[in-house]
Amino acid sequence: MADRLIGEKLVDDMTVEERSRAALVEQVLPELRARAEQADRDGAFPRGHIDLLRDAGLLGLIVPEEYGGLGGTLRDLAAATYAMGTACPSTALAFFFHNTSASRGLLPLEAIESGLFADDEVPVVRAFAEKVLRLMSGGTWLANFASESVKSSGANISIATTAVPASRDGIAGWEITGEKSFGCATGIADHYLVTARLDGYDTADGLVMFLVPREAPGVSERPFWDGLGMRGSANHGIRLNAVFVPREDALTVPGAFVKMLQCSRGSFVGNQLAITAVYVGAAQGVYDDTLERLTRKTFADTGRPVAESPMHQVIIGDMTESLETAYLWLRRQLLLETCEPPIATKSEVYAQWRIAKGSICQAAFEVALGAFKASGTSGATMNGVVGRGLRDLAMGLVMTFPPERGRLEAASVITSNRANALFASVAR
């Protein structure tokens, strides 16, 4: 179709409503693409993109209409981050992390509907959840900070940031102290959505959440780092030194986080599949740029396109296979996480995601590696689509967890489930 939207390359069966939302994304792509190289060179998020995305209404993309949003779902978000990834992966990544905040509103509401909270807990949980959603739909950019520099051998993310009860000027609330090592839109977002741990808890029941204004006393930015991938996403992180947060801007009901996750098909961050859509979009951008250049460039003696040489044909074939592999994994995961009724258990979806994340990012990187080989020494620059893409996509190999760890964890889930099933059948 001549009028096919870029997002439809990934989500090729959009409804009329989804296509309408994807058209809003399409409108911002030219500006994102025009600023991508400068954002990479400066290692800074283009501040003009804040108003660009806000004015398009996209900060409320996956917020239900009843809370003032556009009513999109994970399908919309994946299509959006994919399309943005073809234009400016850094902006796409920051946009993804803003949208993960929606899970902190949607999942508590689902947990309430499922009867997981006591009657006296419901008003507190509902108030926080609705505040998050209304902030997003109202044009507030949220930076979702969960990840920390502190790691453990048994978890991908450990929460060392602590929260203790406090009061200031007669206002009851909490003081939070800690350091968040990764979370896009540092110094850019209006509010930071911070995951912390109640002092005295050492289990997931103590995980709590806070809405922290960017300029709140005690909040500071970590030093900028000369990162390898998606350098314009402002992901250097924050420090919190006894930052006071009023009670109404906190969700500190013990066990709330665990109850929320019981209602999710996805993972800790929320809508995490859409982060890999950024990498697939970036890979598609590299692929298209490389094919265009190699087709236009000709050999001096024959006048034939460079793309037709045997070596380049092999490389292009390999790139095509890698790109299609990424699409297959991503579309399958999207189906598992969105289809109704569900066609897989939560455990099966989780195990599939652990494999899919690494496989998608590995395949996307292989596309950039092929483009680098095919472009030769003239393409071995720090700027340009190929040089930028190679660095952007390399980050996917280590982001959150590398492919090897994902496969290990998936195997552990699969074998444990099989062993439990076998034990149960023997016990009967």
Measure the shortest side-chain to side-chain distance between [X] and [Y] over non-hydrogen atoms and say whether it is less than 4.5 angstrom.
{"X": "V25", "Y": "M84", "result": "yes"}
{"X": "H49", "Y": "L32", "result": "yes"}
{"X": "L93", "Y": "M399", "result": "no"}
{"X": "L211", "Y": "L142", "result": "yes"}
{"X": "R231", "Y": "R391", "result": "yes"}
{"X": "L397", "Y": "P402", "result": "no"}
{"X": "P165", "Y": "W174", "result": "yes"}
{"X": "F95", "Y": "L61", "result": "yes"}

What distance do [X] atom [atom1] and [Y] atom [atom2] have between them, rounded to the nearest 0.5 Å?
{"X": "L408", "Y": "R354", "atom1": "CG", "atom2": "CZ", "value": "10.5 Å"}
{"X": "L74", "Y": "L334", "atom1": "CG", "atom2": "CG", "value": "5.5 Å"}
{"X": "I62", "Y": "N99", "atom1": "CD1", "atom2": "CG", "value": "4.5 Å"}
{"X": "L52", "Y": "T91", "atom1": "CG", "atom2": "OG1", "value": "9.0 Å"}
{"X": "Y67", "Y": "L109", "atom1": "OH", "atom2": "CG", "value": "4.5 Å"}
{"X": "Y279", "Y": "D392", "atom1": "OH", "atom2": "CG", "value": "8.0 Å"}

How are the rings of W141 and H98 set to each other: parallel, tilted or perpendicular (split at 30° and 60°)?
->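 Tilted, since the angle between the ring planes falls between 30° and 60°.
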
I'd like to know if the side chain of [X] reaches the main chain of [Y], judged simply by a donor and an acceptor atom lying under 3.5 Å from each other, with no hydrogens or angles considered.
{"X": "R21", "Y": "L70", "value": "yes"}
{"X": "K357", "Y": "F401", "value": "yes"}
{"X": "Y192", "Y": "G187", "value": "yes"}
{"X": "D40", "Y": "E37", "value": "no"}
{"X": "R239", "Y": "S220", "value": "no"}
{"X": "T100", "Y": "F97", "value": "yes"}
{"X": "R126", "Y": "E130", "value": "no"}
{"X": "T186", "Y": "A234", "value": "yes"}
{"X": "R214", "Y": "A189", "value": "yes"}
{"X": "R54", "Y": "G139", "value": "yes"}

Practice item. Give a yes-or-no answer on whether the side chains of R293 and S375 include a donor-acceptor pair shorter than 3.5 Å. Key: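 A donor-acceptor contact under 3.5 Å links the two side chains.
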
Check your understanding: So, T320 versus Y287: side-chain donor-acceptor pair below 3.5 Å or not?
Key ->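 There is such a pair between these side chains.
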
Does the pair Q284 and I6 meet the rule for a side chain to side chain contact (heavy atoms under 4.5 Å, CB included), with working shown? CA-CA 10 Å; Q284 182 68 60; I6 290 178; over 6 Å; no

Testing the basics here: between [X] and [Y], what is the closest heavy-atom pair and its distance to 0.1 Å?
{"X": "N271", "Y": "F96", "result": "O-CE1, 3.1 Å"}
{"X": "G285", "Y": "V385", "result": "O-CG1, 3.9 Å"}
{"X": "A283", "Y": "V367", "result": "O-CG1, 3.5 Å"}
{"X": "A56", "Y": "L24", "result": "O-CD1, 3.9 Å"}
{"X": "A410", "Y": "A351", "result": "CB-O, 3.4 Å"}
{"X": "S101", "Y": "L193", "result": "CB-CD2, 3.7 Å"}

Checklist line | Row check, Y82 ring normal vs K9 NZ/CZ: under 6.0 Å, within 45° | finding: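 Cation-pi check for K9 and Y82: fails.
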
request  = Give the intermediate values and the outcome of side chain to side chain contact (heavy atoms under 4.5 Å, CB included) for residues E175 and R168.
outcome  = CA-CA 10 Å; E175 280 187 356; R168 298 235 182 127; 2.9 Å; yes

Show your reasoning for whether side-chain hydrogen bond (donor to acceptor under 3.5 Å, both in side chains) applies to R35 and Q38. CA-CA 5 Å; R35 299 290 301 277; Q38 189 67 44; over 6 Å; no

Item to complete: Apply salt bridge (Lys or Arg N to Asp or Glu O under 4.0 Å) to R405 and E409, showing your working.
Response: CA-CA 6 Å; R405 179 161 188 164; E409 293 180 354; 2.9 Å; yes

- Task: Just do the side chain to side chain contact (heavy atoms under 4.5 Å, CB included) check on D76 and E17 with the steps written out, would you?
- Result: CA-CA 10 Å; D76 294 88; E17 293 78 11; over 6 Å; no

Which atom pairs, one a donor and one an acceptor, fall under 3.5 Å between side chains of residues 241-263 and the rest of the protein, sequence neighbours left out?
{"from": "D249", "atom 1": "OD1", "to": "K131", "atom 2": "NZ", "distance (Å)": "2.7"}
{"from": "K259", "atom 1": "NZ", "to": "L116", "atom 2": "O", "distance (Å)": "3.2"}

**Test ring pair (Phe, Tyr, Trp, His ring centres under 6.0 Å) applied to H191 - qualifying residues, sequence neighbours left out** =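 Residues passing ring pair (Phe, Tyr, Trp, His ring centres under 6.0 Å) with H191: none at all.
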
Practice problem: May I have the step-by-step check of side chain to side chain contact (heavy atoms under 4.5 Å, CB included) for L58 and Q27, ending in yes or no? | Solution: CA-CA 11 Å; L58 291 173; Q27 293 174 9; over 6 Å; no

Name all residues meeting the side-chain hydrogen bond (donor to acceptor under 3.5 Å, both in side chains) criterion together with D202; count only those two or more places apart in sequence or in a different chain, and write none if there are none.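 Result, side-chain hydrogen bond (donor to acceptor under 3.5 Å, both in side chains) vs D202: none returned.
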
